[in-house]
Amino acid sequence: MEFEDLGYNVEILGQKGFNGVALLSKLPFDEITYGFEGSKTATLEKEQARLIEGVFSTENGVVRVCNIYLPNGNPVNNPENTGTFSDKFTYKLNWMNRLNEFVKERLTYEEPFILMGDFNIIPSPIDCHNPKAWWGDALYRTESQEKFRTLSNMGMVDALRAVSEEPNYSFWDFQAGAWRKNSGIRIDFLMLSPQAVDNLEYVKTHSEARALERPSDHVPIEGGFSFRQT
DNA sequence: ATGGTCGCTAAGCGA
């Protein structure tokens, strides 16, 4: 694997052709958590591969980093349109409930904790180019936004919004010339515990990556920290 | 309202 050749420690939780998350680290992993179940085998048996967490030791203490791929949840309604939510949207809401419980526990540790990844949530109108077009979508409806807001209510801070009021989109669809029209959305975040916010130096959205050849539809969000002695 | 574009994997699905 080429990332190992570059000196990274690599941990992956993946389901080929479906879901997957990974962490690369130059520091060794002290602990790894695969999904809400914790172990790789239990998680792959019982749930989708959407969460991986590593704990690292620095000379100034521990840092906990969790990468997620939150379910998309579309289409929201059942095809018969009886007003009932689809299995996919229900899975999304339940997954968010479990995430919120997971984060609540992490916050009791009072560690620098970084929760990052594809949240598949557009938190507010400023986070999309055309709010009207997204209304009712699984990424932009009250049920989803409320559960995302629970993270802030518990004390997690949206790192980008701590430093910028500009839209800073992280995703532009491959379809309908979305990149050309700057019809983007901000759905990828670094959410920080208070102890992580205290050490945040900068956040940078690498929108230039969307103009590469054969790009991803997402772009990287870089967070810079300088962890001090505690 | 539909289809628009990708990746994965070899037809159709999910995003």
Side-chain angles (χ1 to χ4, degrees), chain A residues 1-3 10-24 35-36 40 43-52 66-99 115-125 127-145 147-148 160 167-191 205-221:
Chain A
M1 272 292 289
E2 50 189 308
F3 287 117
V10 180
E11 290 294 336
I12 299 171
L13 180 68
Q15 293 167 305
K16 200 170 169 61
F18 295 94
N19 318 111
V21 283
L23 289 171
L24 311 187
F36 296 122
K40 198 179 262 193
T43 292
L44 292 177
E45 256 172 41
K46 295 185 184 173
E47 62 187 57
Q48 299 174 10
R50 294 181 177 274
L51 182 149
I52 188 168
C66 181
N67 186 25
I68 63 166
Y69 174 35
L70 202 149
N72 177 296
N74 280 308
V76 170
N77 294 116
N78 278 319
E80 288 74 23
N81 201 14
T82 52
T84 55
F85 289 148
S86 69
D87 289 348
K88 287 189 175 175
F89 192 58
T90 303
Y91 190 86
K92 176 176 194 155
L93 295 180
N94 289 336
W95 201 92
M96 292 183 81
N97 285 340
R98 285 196 287 173
L99 177 68
L115 175 70
M116 64 186 187
D118 177 358
F119 283 70
N120 270 316
I121 299 283
I122 302 166
S124 71
D127 299 307
C128 59
H129 186 259
N130 184 4
K132 281 180 189 161
W134 287 95
W135 185 249
D137 190 279
L139 280 62
Y140 190 96
R141 53 186 294 132
T142 311
E143 294 88 346
S144 313
Q145 290 170 329
K147 292 200 186 295
F148 176 74
L160 188 121
N168 286 282
Y169 302 140
S170 67
F171 172 98
W172 293 261
D173 205 292
F174 287 125
Q175 302 185 63
W179 170 244
R180 180 175 47 79
K181 293 187 281 195
N182 192 30
S183 179
I185 54 179
R186 193 174 72 96
I187 57 174
D188 301 273
F189 314 117
L190 279 73
M191 300 296 290
T205 302
H206 286 271
S207 46
E208 76 281 358
R210 189 61 178 79
L212 296 171
E213 272 192 52
R214 292 188 61 212
S216 168
D217 40 11
H218 296 256
V219 299
I221 319 292

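Just the heavy atoms: all of them, side chains too, but no hydrogens, waters or symmetry mates, feed the values below. Just so we're clear, the structure is a prediction, and the values are computed from it rather than from any experiment. Residue numbers begin at 1 in each chain, while the letters A, B, ... track the order of the sequences.
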Peer 1: Taking S144(A) for its side chain and A138(A) for its backbone only, find out whether a donor-acceptor pair lies under 3.5 Å.
Peer 2: yes
Peer 1: Could you check V21(A), N120(A), L51(A), I52(A) and say which one makes a side chain to side chain contact (heavy atoms under 4.5 Å, CB included) with I68(A)?
Peer 2: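 Only one of V21(A), N120(A), L51(A), I52(A) forms a side chain to side chain contact (heavy atoms under 4.5 Å, CB included) with I68(A), namely L51(A).
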Peer 1: I'd like a list of close polar pairs between nucleotides 13-15 of chain B and the protein, N/O only, cut-off under 3.5 Å.
Peer 2:
from: dG14(B); atom 1: O5'; to: K88(A); atom 2: NZ; distance (Å): 3.3

Peer 1: Between CZ of F174(A) and CZ of R210(A), what distance do you get to the nearest 0.5 Å?
Peer 2: 5.5 Å
Peer 1: Rounded to whole angstrom, note down the C1' distance from dA1(B) over to dG12(B).
Peer 2: 22 Å
Peer 1: Distance check, P atoms only: dA10(B) and dG14(B), in whole angstrom units.
Peer 2: 15 Å
Peer 1: At their closest point, which heavy atom of Y140(A) faces which heavy atom of C128(A), and how far apart are they?
Peer 2: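 Reported closest heavy-atom pair: CE1-SG, 3.9 Å.
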Peer 1: With sequence neighbours excluded, tell me which residues meet salt bridge (Lys or Arg N to Asp or Glu O under 4.0 Å) with R141(A).
Peer 2: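 Result, salt bridge (Lys or Arg N to Asp or Glu O under 4.0 Å) vs R141(A): E143(A).
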